[in-house]
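To start, the structure under review is shown below, and the notes come after it.
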There are 2 protein chains.
Amino acid sequence: MDSDRKISPAVINRLPRYYRYLGDLLESDITRISSKELSAKMNITASQIRQDLNNFGGFGQQGYGYNVEYLYNEIKKILGLDRLYNMIVVGGGNLGQALVNYTNFEKRGFVIKAIFDTNPRLIGMTIRGVEVYDTDQMENYVKNNPVDVAILTLPRSQAVKVANNLAKWGVKGMWNFSHVDLQVPDDVLVENVHLTDSLMTLLYKINEMYYSGDEDMHESNLKNGLPVKPLDQDEE
Amino acid sequence: MDSDRKISPAVINRLPRYYRYLGDLLESDITRISSKELSAKMNITASQIRQDLNNFGGFGQQGYGYNVEYLYNEIKKILGLDRLYNMIVVGGGNLGQALVNYTNFEKRGFVIKAIFDTNPRLIGMTIRGVEVYDTDQMENYVKNNPVDVAILTLPRSQAVKVANNLAKWGVKGMWNFSHVDLQVPDDVLVENVHLTDSLMTLLYKINEMYYSGDEDMHESNLKNGLPVKPLDQDEE
DNA sequence: GCACTCCTGTTATTTTATTGTCAACAATAA
DNA sequence: TTATTGTTGACAATAAAATAACAGGAGTGC
């Protein structure tokens, strides 16, 4: 494993997908697979699969292909999934609770240790065995307990300040669901999940496919049962 | 708006982000902005901003820059956000409920009309005024009501079948949160949100930064308070 | 109104990512 | 054994994306 070379982000983003497919194969008791076969399943070129994997080492064997279980475990190691991670949820709203309730996280080694919120009605409650604390206690908690990842599901107005504090107090990474791009020190890693952005790109594609070249789209719009109404700006 | 030319996916994915920043500027009563200024705010090169925007038309003016409100509204139109969209949620679990409860969707014109689930305890319930129906009724509903987007928050085992049916019945696009890559006809658009994948890439980066070059990572692991425990495969 | 600066739209260049090709070698069959 | 097939890993070729360069129109100050 050549840890000097810088792996391109495009490759890293594909790794979890390989991991998922290999897990599926493992469950189906398939013991070996060639890049060609995997290519057909995943809709990626075989060439790219081989090149992606070779960034981390030669896991395959000529004339044989890849051993599914071995490759699966190697990718698991590469992604760091052979360890436990301590996480906290900041913002105990709907999304925060949904993530806490997602049982598979625990199975994968993502352990949510605490939830922080400012809402008095939530504080003291327990969600799937995880207690909700007042945000006031967060500094104390983070400074005295190892926190690998903070899951941010709070309103954008508070997100920046909270993220900066968490960074200062030693949280390694942030999984950010709030509607704002965080600016934190370079040694704190941020992964943004902008759900609305993702939905918007879907809508763009729908529009492109169903209404493209239609300069005044209102008519076709009505035909499709979509009433036209001006919408104004909203605040998260 | 040159609707012939094919816009690259990279550009489309950036559009919502531009839209977000322009909305912020609008709220701050900033009326004009140059690509250079926006570049500083967004951490993108000015060159890329100009090139991105020019895919859709010349919205700026030499010596002046871009009019914030005008550009905001143009991007709104490009993304198709000047219309209403009818949506349904398939899978009324935690995540599905969280999305229904996300009030901003409605403000943006994303109207969730119905929720479908197989769980008898949920059927008949109302979440933020949206009723939960038995999945049996979905075919009838979709065939008789325009559905632009189906939000899929169901277990992977059911996702593929449901998605194929929805495609057949005329749903235009799917916003897929289930842990599987959907294979649907070409005229049905799918936007996948693989939350776990996104978390895994964050973990990769955390590992790279904190444990890189450390072939036997177990020791440094313990130093950081992360107990090492072998984890096995799980099923969604 | 004129000189000067700003800033776009566009073209050129560089960088990054993907795909295609092939020699080398393993597995399998003859 | 020996031939044949399958398949990797390396690298070359191509494509896509990002960045830089720049000509020239529009604003600004005098």
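Numbers restart at 1 for each chain; the letters A, B, ... are given by sequence-line order, proteins then strands.
A heavy-atom distance below 4.5 Å is found between the side chains of B:Y18 and B:I44.
Pairing partner, D:dT4: C:dA27, with both Watson-Crick or wobble hydrogen-bond distances short of 3.5 Å.
Rounded to a whole Å, the CZ atom of B:F56 is 17 Å from the C1' atom of C:dT10. In this structure, the OH atom of B:Y64 is 13 Å from the P atom of C:dG9, given to the nearest Å. To the nearest angstrom, C1' of C:dA17 lies 13 Å from CG of A:N13.
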Problem - Test log, rule side chain to side chain donor-acceptor pair (under 3.5 Å), inputs A:Y19 and B:D197 - result: CA-CA 9 Å; A:Y19 185 67; B:D197 288 15; over 6 Å; no

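Taking the charged nitrogens against the carboxylate oxygens, A:R20 and B:D181 do have a contact shorter than 4.0 Å, which makes a salt bridge.
Among all heavy-atom pairs drawn from A:A163 and A:M174, the shortest one is O-CE, 3.2 Å. Across A:N164 and A:Q183, no two heavy atoms sit closer than the pair OD1-O, 3.3 Å.
Using a 4.0 Å cutoff on non-hydrogen atoms, the parts of residues 36-52 of chain A near DNA chain C are A:T45, A:S47, A:Q48, A:R50, A:Q51, ordered by number.
Applying the ring pair (Phe, Tyr, Trp, His ring centres under 6.0 Å) test to A:F110 and every residue at least two apart in sequence or in another chain returns A:F105.
Boundaries of the chain B contact region on DNA chain D are D:dA17 to D:dT28, first to last in 5' to 3' order (nucleotide atom under 4.0 Å from a heavy atom).
Checked by atom type and distance alone, the side chain of A:N13 never pairs as donor or acceptor with a backbone atom of A:A10 at under 3.5 Å.
Heavy-atom distances to DNA chain C give each of A:R32 and A:S8 a nearest nucleotide, and the one nearer the 5′ end belongs to A:S8.
Contact check, B:Y66 against C:dG9: a side-chain N or O comes under 4.0 Å of OP1 or OP2.
Using modelled atom types and a 3.5 Å distance limit, the side chains of A:N104 and A:K107 yield a donor-acceptor pair.
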